[in-house]
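A short write-up of the structure that comes next.
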2 protein chains.
Amino acid sequence: MNSAEAPAAEPDLASRLRLSVVRLNRRLRSQHTDESVSLTQLSALNTLSGCGPMTPSELAASERVRPPSMTRVIASLEEVGLVSRRQHPTDGRQSIIELTPAGADLLNAEASARERWLDKRLAELTAAERHILARASEIIDRMAGT
Amino acid sequence: MNSAEAPAAEPDLASRLRLSVVRLNRRLRSQHTDESVSLTQLSALNTLSGCGPMTPSELAASERVRPPSMTRVIASLEEVGLVSRRQHPTDGRQSIIELTPAGADLLNAEASARERWLDKRLAELTAAERHILARASEIIDRMAGT
DNA sequence: TATTGTTATACTCTATAACTATA
DNA sequence: TATAGTTATAGAGTATAACAATA
């Protein structure tokens, strides 16, 4: 397909996509219940699951947040036993964060109220629409990861 | 109970889409500069622009936030002159919020740093990819509006 | 008594700046 | 001196509960 310089075919795409993302994010956060972890926590758990144990700085870089922000996320996850920390083998300043069995279980289950809300909305779509969202999700990940 | 009617062709779509949205939202917010309005403010301005003047409660309902949250958003927009408030013609409890010329100008310009970041990312995609995002944006709006 | 809106308060998420401990 | 991480602090965004004004 054609590319890089002229997005003229989709005018205002940035504006529209930005608002869509802000609003869906708001809806997703509003589904938060006390029994479930937050979206921020879930995102970190997911990264640990996909990439394996890593240091706080590496996790912050993967999630594209600043180290102090990640310190707090890790602390909250440690507190509820979803991640654990061990010493770095050679560098006393660093530590290694890893998913606990409970953290892995939680990711496997993924049966939060938030998940159910989105699953229900997705089930109301056509297969073609879900396919578009699946492809959009990949494209967004690529953009956001840059 | 079982998600037998659920999207078998796109397993884990809810999980993946949710994470994509959270992460893109994070990137978008991080583009915030002091010269630009926030995503929350912009979303409210956009709704006022599209739907016309309305009461704080109506605006809260449109944005799907609680009235006290919208009180704060409106106050911040009033303070910088992007919206104005006038009396409700018949009900003394209510007021009408409307876009000022400055607010309309800002929406027309939309030349914030945040916008530029996303525009740049979008320009790196193919036309087909942008088309997918445009369609996904519509689908998301439909879901988030429910 | 019910509705609209605001104030008071609190929690999450994120940031920057300053600090500690280790290299 | 440089790096990894934490603590201190602040601001945005959102919520619930309690209140005021009006209907």
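As a basis for the values below, the full set of heavy atoms in this structure was taken, side chains included, without hydrogen atoms, waters or symmetry mates. The sequence lines fix the lettering, A, B, ..., with proteins before strands; numbering per chain opens at 1.
Look at CD1 on B:I74: it is 12 Å from C1' on C:dT4, rounded to the nearest Å. The interatomic distance linking A:L59 (CG) with C:dT14 (P) rounds to 12 Å, in whole Å. Rounded to a whole Å, the NE2 atom of B:H88 is 10 Å from the P atom of C:dT4. In this structure, CZ of B:R86 is placed 14 Å from P of C:dG5, rounded to the nearest angstrom. Atom CD in A:Q87 sits about 10 Å away from atom P in C:dT22, given to the nearest Å. Here C:dT4 presents its C1' atom at 12 Å from CD1 of B:I97, a figure rounded to the nearest Å. Remark: P of C:dG5 and CD of B:Q94 are 5 Å apart, rounded to the nearest angstrom.
Side-chain contact check for A:E63 and A:S43: at least one donor-acceptor pair (N or O, by modelled atom type) lies under 3.5 Å. Side-chain atoms of A:R16 and B:S137 form no donor-acceptor pair, as typed in the model, at a separation below 3.5 Å.
Under 4.0 angstrom from either OP1 or OP2 of D:dG5 there lies at least one side-chain N or O belonging to A:S57.
Counted within 6.0 Å of CZ on A:R64, heavy atoms from surrounding residues, nucleotides or ligands total more than 12; the atom is thus considered enclosed.
A donor-acceptor pair is defined here as one N or O able to donate and one able to accept, closer than 3.5 Å; no such pair exists between the side chain of A:S69 and the backbone of A:V65.
Remark: B:D91 pairs with B:R93 by the salt bridge (charged side-chain N to carboxylate O under 4.0 Å, His left out) rule, at least two apart or across chains.
An angle of 20°, rounded to 10°, separates the two end axes of the helix from C:dT1-D:dA23 to C:dA23-D:dT1, each defined over five pairs.
A salt bridge links A:R142 with B:E129: the distance from a Lys NZ or Arg NE/NH1/NH2 to an Asp or Glu carboxylate oxygen falls below 4.0 Å. Here B:E138 does not pair with B:R135 in a salt bridge; the nearest charged N to carboxylate O distance is not below 4.0 Å.
At a threshold of 4.0 angstrom between heavy atoms, the contacts of A:S76 with the nucleic acid are absent.
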Report task. Assign a letter to each nucleotide of nucleotides 11-23 of chain D from its 5' end: B, base within under 4.0 Å of a protein heavy atom; S, sugar-phosphate only; -, no contact. Result -> --SBBBB---BBS
